[in-house]
Amino acid sequence: MTGTEEEHRRARDGAGGDLASAPLAQLREAVSHATAAVRGDGSESSRSLRLERPKHAGQGDYATNAAMLLAPALRTRPPKIAELLARELHQELGELLERTEVAGPGFLNLFLSDAWYRRALRDLVAAGERFGAGQTTAPERILIEFVSANPTGPLVAHSGRHAAYGDSLVRILERYGHAVSSEYYFNDAGSQVELLGASVKARARGEEVPPGGYAGEYVAELAAVIPDAADGDVGELAQTAVELLLARIKQTLDRYGVHFDTFFLERTLHEGSPSPLEVVLARLEEAGALYRSEGALWMRTTAYGDDKDRVVVRTGGEPTYLASDLAYMVNKRDRGFERQLNPLGADHHAYVGELKAAAAALLGDPDAIEVPMIQFVHLVEGSQRAAMSKRKGAFVTLDELLDEIGVDATRFFMLRSSHDRTLDLDVELARRQSAENPVYYVQYAHARISSMLRRVSAGRLEEASAVRSDWGEGQLDPAERNLIKKLASFPDELAEAATRRAPHRIAAYALELAQEFTAFYRDCRVVGATPEPVESFRIALSAVSGRMIGTSLELLGVSAPESM
RNA sequence: GCCCCCGUAGCUCAGUCUGGAUAGAGCAUCGGACUUCUAAUCCGGUUGUCGCAGGUUCGAAUCCUGCCGGGGGCGCCA
């Protein structure tokens with residue numbers, strides 16, 4: 001299957017390999033060929049064969065560990081094998097490879113010629129917007145459901161991490177080549193919503209909210225806004241309150257730049273006869289996955305890998321959250337999504353086992369659903385931990401956070417560290433020293449490129465950005481080479497971010513790219529550089545850099561200003 | 001008690017999945033650079049028991065085991 005896809009891809013992009021991931025793909029292919037030649041058979045190269053960027057200067061532009069991997073099979077010392085690889089690579093790459101060097105325990109360090117760099121930039125220009133896009137060899141239809149905060153209050157700061165993570169992942173997965181749809185599961189049924197209605201009514205009457213009810217200031221506001229709340233029916237009050245809160249949540253998300261393809265109402269899983277919920281329970285019943293105990297209906301999730309069985313219908317006849325999720329899971333699959341992503345807060349981690357078991361039972365594969373754990377955000381005020389708990393309504397809303405530090409800084413901070421790590425966000429620092437935020441550094445690099453290119457005439461820019469190879473013969477500056485290498489690594493970074501569901505990789509990349517560009521800007525005159533081919537080369541390099549910084553920021557949902 | 005995540009520079013974090021060479025950024029701090037291709041920038045200095053201890057390996061921040069510390073969770077809440 002992937003074989004024919006691969007062939008198709010080659011046919012489409014020509015013999016030079018996939019343009020969208022060139023030029024590193026070409027280099028990797030050359031190493032792969034050389035490895036096969038040295039091994040003496042035509043077999044596929046080892047998956048762990050790597051082409052990496054050495055950490056230290058003087059160790060080449062790229063290095064491969066291929067010799068060390070081949071050593072056991074060939075029963076030869078790695079340095080010896082590296083020599084053989086070097087010979088093959090020189091033959092394959094010709095003038096593109098300046099020299100090689102065997103080093104350390106058996107690394108083969110590759111020093112690429114300026115011809116290779118010029119060709120790399122030419123490929124980057126030719127790939128244009130497609131660079132790094134559509135790399136996956138196995139496109140999937142993916143539904144990612146995220147935030148899904150209960151409509152019982154405004155979004156809190158922590159939801160901002162979920163929203164930024166999910167939205168960025170949508171963008172990353174789409175660019176990687178998947179068909180992605182985003183969804184907000186809106187829990188508008190059940191006891192929590194009922195309780196909200198009761199809380200609103202109590203507030204309208206000037207009474208204390210019921211035990212376990214919602215005491216936040218927004219409840220009083222709702223009570224004031226809804227007509228006749230003091231005498232209203234609790235169920236109707238709840239619906240009205242939920243609608244108002246949903247509108248507010250949507251408004252916040254909109255401001256945050258997060259857009260959902262669908263808002264899915266839980267209520268619909270309970271409507272109709274038989275309802276989707278009843279259908280899925282009947283199906284599980286038939287499969288012998290349900291049993292009755294202590295007055296409740298249980299699902300035998302332990303038969304599907306969970307560590308304990310779970311209640312699906314309570315003693316009182318009310319379905320649990322899991323029951324709705326079972327029906328929801330089937331609904332998603334019936335809409336054609338073969339993979340479901342469902343990032344959850346770390347406080348829900350105990351729920352993962354149930355979801356995996358449900359996927360095993362209903363979708364035939366526990367991995368049809370993935371549940372990335374989003375760790376908490378601690379808002380810090382200087383050295384004090386700000387109150388993030390929902391207790392007594394004392395929390396920081398996402399809107400308040402956006403008021404404080406802005407959309408771009410919030411999104412960047414939320415995304416720049418790994419989602420499975422707790423995040424300390426110092427609001428005071430972000431507010432007071434916003435000019436030193438990394439996000440501004442990246443944006444500034446983008447604005448600077450835009451400004452610089454505005455000085456170049458349209459014709460000149462077009463000419464420089466056309467695919468050409470007459471960029472001169474002079475020696476490139478190290479900063480130019482480093483910048484090109486950073487640009488060339490984008491497809492790998494995108495692949496990493498997509499397959500690991502890790503948007504923070506893109507944030508790190510954006511920062512590194514901005515740094516490399518700034519170093520280039522410092523060391524190399526662009527506009528007015530002489531001779532003409534050098535200026536042309538540098539204009540093209542700047543234009544590609546600007547586009548890649550813009551693309552990276554777009555994947556994060558952060559704006560890329562033309563001027564600052 | 002059991003389960004999950006985390007522990008890397010004074011602070012905030014990359015790097016861990018897939019072991020590789022002298023462990024990286026930003027902030028902070030000290031010194032320097034604005035007649036500029038935008039100084040929201042740049043240059044230079046300082047900064048490490050990769051929580052601890054074993055193990056596997058030619059090689060461990062990375063893999064395995066145990067422990068310590070922080071956070072979260074543990075049948076009819078979501």
Side-chain angles (χ1 to χ4, degrees), chain A residues 47-50 52 54-59 63 65 68 71 77-78 103-107 109 148-150 152 187 190-192 195 212 293-298 301 306-316 318-325 344-354 373-376 378 380 383 413 416-426 429-430 433-441 443-445 447-456 496 499-500 502 504-505 507-509 511-512 515 518-519 521-529 538 542 563-564:
Chain A
R47 283 187 65 196
S48 54
L49 183 145
R50 285 225 295 278
E52 55 195 24
K55 292 191 187 87
H56 303 283
Q59 296 178 339
N65 60 351
M68 286 178 281
R77 284 167 32 76
F107 288 103
N109 296 336
S148 298
N150 274 348
T152 51
N187 185 332
S191 57
Q192 294 303 309
L195 200 51
S293 174
E294 302 170 53
L297 189 63
W298 296 67
T301 52
D306 201 2
D307 57 351
K308 57 190 76 165
D309 288 342
R310 310 288 175 172
V311 171
V312 288
V313 179
R314 282 172 255 180
T315 306
E318 281 290 306
T320 61
Y321 187 84
L322 173 63
S324 297
D325 260 5
L344 290 179
D347 52 337
H348 289 68
H349 94 258
Y351 196 56
V352 177
E354 301 173 48
M373 289 282 95
I374 313 295
Q375 294 293 330
F376 294 121
H378 294 127
V380 180
S383 57
F413 265 94
R416 83 190 184 117
S417 60
S418 176
H419 60 87
D420 61 10
R421 181 174 171 138
T422 56
L423 176 67
D424 283 347
L425 203 168
D426 190 331
L429 190 78
Q433 303 186 322
S434 59
E436 274 92 16
N437 269 333
V439 64
Y440 293 106
Y441 183 92
Q443 290 181 315
Y444 185 74
R448 176 181 259 171
I449 293 169
S450 300
S451 164
M452 196 171 70
L453 294 181
R454 276 195 293 271
R455 301 172 70 96
V456 179
E496 185 89 352
T499 56
R500 284 176 58 184
H504 77 281
R505 297 298 306 247
Y509 176 76
L511 203 51
E512 289 161 11
Q515 281 166 347
T518 303
Y521 177 83
R522 178 191 70 226
D523 293 342
C524 303
R525 178 80 201 182
V526 178
V527 179
R538 289 179 179 171
S542 299
S563 63
M564 288 175 76

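Convention: sequence-line order gives letters A, B, ...; per-chain numbering from 1.
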*Quick one: the dot-bracket string of RNA chain B, using Watson-Crick and G-U wobble pairs with both distances under 3.5 Å, [ ] for crossing pairs and | for bases paired to another strand.*
(((((((..((((......[...)))).(((((.......))))).....(((((..]....))))))))))))....
[atom1] of [X] versus [atom2] of [N]: gap in Å, rounded?
{"X": "A:Glu354", "N": "B:C77", "atom1": "CD", "atom2": "C1'", "value": "11 Å"}
{"X": "A:Tyr351", "N": "B:G75", "atom1": "OH", "atom2": "C1'", "value": "14 Å"}
{"X": "A:Asp347", "N": "B:C3", "atom1": "CG", "atom2": "C1'", "value": "15 Å"}
{"X": "A:Phe107", "N": "B:G59", "atom1": "CZ", "atom2": "P", "value": "14 Å"}
{"X": "A:Glu512", "N": "B:G26", "atom1": "CD", "atom2": "P", "value": "11 Å"}
{"X": "A:Asn437", "N": "B:A40", "atom1": "CG", "atom2": "C1'", "value": "11 Å"}
{"X": "A:Leu425", "N": "B:C27", "atom1": "CG", "atom2": "P", "value": "17 Å"}
{"X": "A:Asp306", "N": "B:G75", "atom1": "CG", "atom2": "C1'", "value": "10 Å"}

[atom1] atoms of [N] and [M], separation to the nearest Å:
{"N": "B:U62", "M": "B:G55", "atom1": "C1'", "result": "15 Å"}
{"N": "B:G24", "M": "B:G66", "atom1": "P", "result": "32 Å"}
{"N": "B:G15", "M": "B:A25", "atom1": "P", "result": "15 Å"}
{"N": "B:A28", "M": "B:C11", "atom1": "C1'", "result": "7 Å"}
{"N": "B:U41", "M": "B:C27", "atom1": "C1'", "result": "16 Å"}

*Can we say A:Asp424 and A:Arg421 salt-bridge, meaning some charged N sits less than 4.0 Å from an Asp/Glu carboxylate O?*
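So A:Asp424 does not pair with A:Arg421 through a salt bridge.
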*Look at the side chain of A:Ser451 and decide which nucleotide, out of B:A21, B:G73, B:U38, has an atom nearest to it.*
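The answer is B:U38, which lies nearest to the side chain.
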_Side chain of A:Gln515, heavy atoms from C-beta onward: which of B:U8, B:G26, B:U41 has the nearest atom to it?_
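The listed nucleotide nearest to A:Gln515's side chain is B:G26.
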When we call it a touch if two heavy atoms are under 4.0 Å apart, what does [X] touch: a base, just sugar-phosphate, or nothing?
{"X": "A:Thr518", "value": "sugar-phosphate"}
{"X": "A:Asp307", "value": "nothing"}
{"X": "A:Ala447", "value": "base"}

Side-chain donor or acceptor of [X] under 3.5 Å from a matching atom on the base of [N]?
{"X": "A:His349", "N": "B:G73", "value": "no"}
{"X": "A:His348", "N": "B:A78", "value": "yes"}
{"X": "A:Glu318", "N": "B:C77", "value": "no"}
{"X": "A:Asp325", "N": "B:A78", "value": "no"}

_Spatial distance of atom CZ (A:Arg525) from atom CZ (A:Arg538) [nearest 0.5 Å]_ =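 One finds 10.5 Å between CZ of A:Arg525 and CZ of A:Arg538.
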*asked:* For A:Asn187 versus A:Tyr321, what's the shortest heavy-atom pair and its separation?
replied: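 Closest heavy-atom pair between A:Asn187 and A:Tyr321: ND2-CE1, 3.9 Å.
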*Specify the closest pair of heavy atoms between A:Ala350 and A:Arg310, including all atoms of both residues, with the distance to one decimal.*
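Shortest heavy-atom separation between A:Ala350 and A:Arg310 comes out as O-NH2, 4.1 Å.
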*asked:* Within the structure provided, determine whether A:Glu354 and A:Asp325 are in side-chain contact (heavy-atom separation under 4.5 Å).
replied: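 Counting from C-beta outward, A:Glu354 and A:Asp325 never come under 4.5 Å.
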